[in-house]
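These numbers come from the heavy atoms of this one structure, side chains and all, not from hydrogens, waters or symmetry mates. In listed order, ligands and their atoms are each counted from 1.
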Amino acid sequence: MKLLEILVGILCVGYVSSLDNGLGLTPPMGWLSWERFRCNIDCTNDPDNCISEKLYMSMADRLAEDGYRDVGYEYVNIDDCWSSKQRDSKGRLVADPDRFPSGIKALADYVHNKGLKLGIYGDFGTFTCGGYPGSEFYMELDAQTFADWGIDSLKLDGCYARISDMPFGYPVMELYLNQTGRPILYSCSWPAYTAHPNYPAIAKSCNIWRNYGDIQDSYSSLASIIEFYGKNEGNFSEVAGPGRFNDPDMLIIGDFSLSYYQQRLQMVMWAIMASPLYMSNDLRQVPEQSKEILQNKNVIAINQDPLGIQGKRVDKVNDYEIWVRPLAKSNYAFAAINLSGSSPSNVSLPLAKYGLTSTGGYLITEGFTGDKVVVYKPHQMFTTKVNPDDVSFYKATKL
Ligand SMILES: *[C@@H]1O[C@H](CO)[C@@H](O)[C@H](O)[C@H]1NC(C)=O
Ligand SMILES: *[C@@H]1O[C@H](CO)[C@@H](O)[C@H](O)[C@H]1NC(C)=O
Ligand SMILES: *[C@@H]1O[C@H](CO)[C@@H](O)[C@H](O)[C@H]1NC(C)=O
Ligand SMILES: *[C@@H]1O[C@H](CO)[C@@H](O)[C@H](O)[C@H]1NC(C)=O
């Protein structure tokens, strides 16, 4: 494709459309190494936790054998620090030979044989954030290399790059990925590096995109992401849909910092926000309670609703918030949270004000269990108890 055609294609973005690779029609689900394992390359002293083929193979094993794959978690995603510091004589990226002795192609085969998909990480600039080779000047070759290896997803970070190049360059990588003929889910870090992101343009070129700082294993980090999504500056929520989703970053459920209730909170908010469900934990030692949250089919079904509409914060009084997500068949999911509550309190919600106006009413079920709570009619109030840092979560099925 000629540069002129590419430019015309990019400039003709007048409405929100998504790239036509058939992927990410609902938010992608899987596992991603970064938050938990970072750039740990010390396989001598920490062989079980270093970034290596062994780590990704054992996570693939756990996804397949511990029930995660069967509820939808399918991507095993490599993050930074997987490659050698040098490209090969033909300019191609190569995996670190000590940590990935079998190579990425063999790892992809291993992952595919488990019924899973393999994602990889690159960078838009000259280096990755960890100082490994970036794709600037090598985009076409890197796209082809990833396709040749059997890669199913690419996260393209934005370190060591000119921000002003991103509106042109991120779509170019999408075209190169497309030209390989292999469907590759495209995750862009573009808006996270941009002051006023052009979300319709981003949604046209990327399946998912990070728009806020990296999540850390802390409740304050989780709360700050929820606040950013609540503010919805630039109206990024509106561009989400099948094939194009905002990405508030990884699930830290099963890690160290969150209480049981805070883990429920993250799972529910990621479902309401139509967010990718990429766990970053050690699947070899996830506590049973956390695993139950991660594998809750009712919550996952709301995350995976086929309409792909991103839920929004519809009301906020101090730290007390109501979030609502429209679902298929005129149903809704809604949640009440109090991010800094100090004791349980009862609240009454005028649900009709938030869109639940069908005169026939709604069957309200508890979001995790599916248990019937009440039949709601639009003139009524719906009363629920909100616990500190927890979530009161419901599905409303139109009658
Ligand atoms: C490439 O783009 C075309 C046109 O948008 C689309 O029909 C096709 O499915 C895409 N192929 C891949 C592999 O993404
Ligand atoms: C976002 O939506 C609001 C309300 O519809 C509108 O006033 C505002 O201009 C929009 N902002 C952007 C950046 O599109
Ligand atoms: C939220 O928490 C604050 C602080 O504890 C409390 O004053 C307020 O009443 C709570 N609101 C609701 C609706 O739970
Ligand atoms: C909340 O309401 C329930 C009944 O709906 C009641 O049993 C409970 O005592 C109330 N809790 C508070 C903190 O007011």
Side-chain angles (χ1 to χ4, degrees), residues 1-26 28 74-75 108 112 117-120 122 135 139-156 163 166-188 190-209 211-212 227-246 273-274 309-316 321-326 353-355:
M1 187 164 309
K2 294 188 201 68
L3 277 188
L4 183 63
E5 290 172 39
I6 294 173
L7 258 184
V8 169
I10 293 165
L11 295 176
C12 285
V13 184
Y15 58 98
V16 180
S17 58
S18 44
L19 70 163
D20 194 8
N21 61 6
L23 300 173
L25 298 181
T26 60
E74 60 174 345
Y75 288 92
H112 292 157
K117 295 176 170 177
L118 186 67
I120 207 162
S135 289
M139 279 197 180
E140 188 169 14
L141 180 60
D142 289 354
Q144 192 57 54
T145 303
F146 296 147
D148 292 345
W149 285 343
I151 288 294
D152 304 294
S153 171
L154 170 66
K155 172 179 171 183
L156 195 65
I163 312 292
M166 290 183 178
F168 176 72
Y170 267 97
V172 168
M173 183 52 132
E174 191 271 306
L175 285 162
Y176 288 142
L177 290 173
N178 180 280
Q179 282 173 17
T180 68
R182 184 177 177 83
I184 297 178
L185 186 100
Y186 187 31
S187 166
C188 302
W190 169 12
Y193 289 88
T194 311
H196 300 287
N198 179 349
Y199 283 106
I202 291 161
K204 189 180 192 307
S205 290
C206 307
N207 291 114
I208 62 174
W209 52 86
N211 53 359
Y212 190 68
E227 176 61 13
F228 178 80
Y229 272 67
K231 281 187 180 152
N232 191 25
E233 264 169 33
N235 300 337
F236 57 80
S237 299
E238 277 79 344
V239 303
R244 44 178 209 275
F245 293 101
N246 290 283
M273 301 189 305
I309 298 172
Q310 184 173 332
K312 288 202 278 195
R313 190 168 74 192
V314 297
D315 221 344
K316 182 174 195 298
E321 310 179 0
I322 307 296
W323 289 71
V324 177
R325 177 173 177 186
K353 185 180 153 194
Y354 309 136

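Side chains of Arg182 and Phe146 form no contact here, defined as non-hydrogen atoms less than 4.5 Å apart. Between Leu185 and Lys117 there is no side-chain heavy-atom pair separated by less than 4.5 Å.
With respect to atom 9 (O) of ligand 1, the closest heavy atom belonging to the protein is Asp20 O, 3.2 Å. Gly234 CA, 3.9 Å is the protein heavy atom nearest to atom 13 (C) of ligand 2. For atom 10 (C) of ligand 2, the closest non-hydrogen atom on the protein side is Asn235 ND2, 2.4 Å.
Proximity to Gly181 (heavy-atom distance under 4.0 Å) selects the following atoms of ligand 1: 13 (C). Distances below 4.0 Å separate heavy atoms of Asn21 from the following atoms of ligand 1: 14 (O).
Note that OG1 of Thr26 and CZ of Phe245 are 6.5 Å apart. Values are rounded to the nearest 0.5 Å. Here the straight-line distance linking atom OH of Tyr170 with atom OH of Tyr186 works out to 6.5 Å at 0.5 Å rounding.
When Leu19, Ile184, Asn178, Leu23 are ranked by how near their heavy atoms come to atom 12 (C) of ligand 1, first place goes to Asn178.
Proximity of atom 1 (C) of ligand 2 to the protein is indicated by at least one non-hydrogen atom lying closer than 4.0 angstrom. Distance check for atom 5 (O) of ligand 2: every protein heavy atom is found at 4.0 Å or beyond.
Classified by interplanar angle (parallel below 30°, tilted 30° to 60°, perpendicular above 60°), the ring pair Phe236/Phe228 is parallel.
When the options Arg313, Lys312, Gln310 are evaluated for a side-chain contact (heavy atoms from CB on, under 4.5 Å) with Tyr229, the one that passes is Gln310.
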